[in-house]
Amino acid sequence: MELSPPRAVLRIARRLEAAGFSTWAVGGAVRDRVLGRSAGDWDLASRATPQEVMKLFRRTVPVGVDHGTVGVLEGGRMYEVTTFRRDVETFGRHAVVAFADRVEEDLARRDFTINALAWHPLTGELLDPFDGRRDLQAGVLRTVGDPGERFAEDYLRVLRALRFAGHFDLTVEAATWDALRAAAPHLSELSAERIREELVKTLTQGWAASRSLELYRRAGILEVLYPELAPLAAERPHEGEPDLWTVSVRAVDSIPPGRVRLRLAALLHAIGMPPARTKDLRGGWRYTGHEVLGGRKAEDVMRRLKSSNADIERVSLLVRHQSDLFPPDAPDAGVRRWLRQIGTELVPDLFRLRFALWRGRNPEARTQPEDLLERCAKARRVLRGRPALATRDLAIGGGDLKALGLRPGPLYAEILENLLERVTDDPDLNRREPLLELVRSEWSHE
Ligand code: ATP
Ligand code: MG
């Protein structure tokens, strides 16, 4: 079988084999190529120990020598070469591993049959002791060995299962599914970092993240890891419209996979709604203030995941401001005031989020939301006029006030804020002379 790896992979394998070390391509790349898809990272497994690998190649990186992994730089990229391993002891999140002699032992400790393929780059032989290829062709995800035991060894595998099943559109085999559901309560034992990394991979791996997210829900993962999201599926703001969970995950799908923060904001956008719900006078539902509440809850979720401060801030701001658009008939001065409030940095993402949420609510629509398009165009046009949005954008500053003989102090900020207000109404005013004249006539007595 020919899987056409990069030439660098062949070179690395050839050198290792020439030195007497059995070497195989393993993991995701083999799976992806067997499926006929383009592969991500090519990983190699070899009989050579890390020391032996480092001796054989000039440019190496000790990626995780303790676990047997050395990075080999070849053809401008790094490839991981990992010594064959077998599990000696496994419990929960930690495995004690030992180096092994044969690739078969290494395959046996891998999580799913579709991930337990090995392909020999020089002979083209495909090693498939657990019928992973059959499962790939049949569209089935199952663990290598007893599912209950395999999940108990490392509960992260539950989340990996749902990611792979969604990404490759596989059906989770019945025993694997039962074991995975039974293991769900244990996911709280995983570290925040691993949970977050897995969520990010799930959100960014291809367009259809909703398939994996829907599996998260059906497997009972939300209650354990993301309880804020659990009530959304039962929340239907308007009769005849989809529930909030469906809207959220569809909105995720309509954002390009690379935009992680936006995808997170789409996923979390409605978490303030169930707790904010009240009955309005006509008997319908209202969600007054859900955005601010949701912004706070989004921040909680992101903190719990130990996200970076930049990610926490961006995602919670987007949730908080999701409804804060200027009205369609706002005058330009209104748009400038809005830009000052929101901050220009957030504006493009805020529109993208709004478009995605609209898509989430109107998946069948062939048209675009005219009103949003118009507001987006308006914001762009106003921004192109390079309006003053902060006092530092004014044509005069503190130095000019001093030159006019005004005493430095809080008065300066007050004057500049006042000028900014007027310039927001009338951008033409933002020139030195008219502004100095205004200051002279209104503040020279101070
Ligand atoms: P991706 O396309 O997301 O990179 P992948 O299958 O390459 O998918 P990796 O996390 O890169 O996934 O891991 C590489 C291989 O290592 C997997 O294919 C699997 O064989 C094995 N593996 C990774 N994590 C685990 C785990 N928690 N338990 C068992 N085997 C694992
Ligand atoms: Mg990989």
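Counting starts at 1 for both ligands and their atoms, following the listed order. These numbers come from a predicted model, not from an experiment.
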Legend entry - Phe326/Lys378 under side chain to side chain contact (heavy atoms under 4.5 Å, CB included): CA gap, chis, key distance, verdict: CA-CA 10 Å; Phe326 53 86; Lys378 194 170 191 169; 4.1 Å; yes
Legend entry - Worked verdict on Asp135 versus Phe130 for side chain to side chain contact (heavy atoms under 4.5 Å, CB included): CA-CA 9 Å; Asp135 284 345; Phe130 306 103; over 6 Å; no
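Protein heavy atom at the shortest distance from atom 3 (O) of ligand 1 is Arg163 NH1, 2.9 Å. Protein heavy atom at the shortest distance from atom 15 (C) of ligand 1 is Arg110 NH1, 3.5 Å. Considering only non-hydrogen protein atoms, atom 19 (C) of ligand 1 sits nearest to Asp111 OD1, 3.6 Å. The nearest protein atom to atom 14 (C) of ligand 1, hydrogens excluded, is given as Asp43 OD2, 4.2 Å; this is a heavy-atom distance.
The aromatic rings of His186 and Tyr155 sit parallel, their planes meeting at an angle under 30°, below the 60° perpendicular limit. Ring geometry, Phe164 versus Phe168: the interplanar angle falls under 30°, so the pair is classed parallel (tilted spans 30 to 60°).
A side chain to side chain donor-acceptor pair (under 3.5 Å) check over residues 249-260, counting only residues at least two apart or in different chains, returns the pairs Ser210-Asp253, Arg259-Asp349.
Contacts between Asp154 and ligand 1 below 4.0 angstrom, taking non-hydrogen atoms only, involve the side chain exclusively. Contact annotation for Arg31 and ligand 1: only side-chain heavy atoms (C-beta onward) come within less than 4.0 Å of the ligand. Counting heavy atoms closer than 4.0 Å to ligand 1, residue Phe164 contributes side-chain atoms (C-beta onward) but none from N, CA, C or O.
Those atoms of ligand 1 that come under 4.0 Å of a heavy atom in Gln205, given as number and element, are 2 (O), 3 (O). Atoms of ligand 1 lying under 4.0 Å from any heavy atom of Gly27, numbered from 1 in the order shown and given with element: 18 (O). Ligand-side atoms of ligand 1 in range of Asn115: 6 (O), 18 (O), 19 (C), 20 (O), range being under 4.0 angstrom from any heavy atom.
Close N/O approach between Arg194 and ligand 1 is not found [any backbone or side-chain N/O within under 3.5 Å]. Polar contact check, Arg157 against ligand 1: a nitrogen or oxygen pair lies under 3.5 Å apart. Of the N or O atoms in Arg160, one or more lie within a sub-3.5 Å distance of an N or O in ligand 1.
Counting only heavy atoms, the protein gets under 4.0 Å from atom 7 (O) of ligand 1. At a distance under 4.0 Å, a protein heavy atom can be found next to atom 28 (N) of ligand 1.
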Using a 3.5 Å cut-off and no angle test, enumerate the donor-acceptor pairs between side-chain atoms of residues 59-72 and protein atoms at least two apart in sequence or in another chain.
unit_1	atom_1	unit_2	atom_2	d
Thr69	OG1	Thr82	OG1	3.0

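Put simply, the side chain of Tyr226 does not reach to within 4.5 Å of the side chain of Leu268, judged on heavy atoms. In this structure, the side chains of Glu198 and Leu190 stay at 4.5 Å or more apart for every pair of heavy atoms.
When atom types are taken as modelled, the side chain of Arg236 and the backbone of Glu241 share a donor-acceptor pair closer than 3.5 angstrom.
Each of Arg157, Arg150, Arg160 was checked for a salt bridge (charged side-chain N to carboxylate O under 4.0 Å, His left out) with Asp111, and the lone residue meeting it is Arg160.
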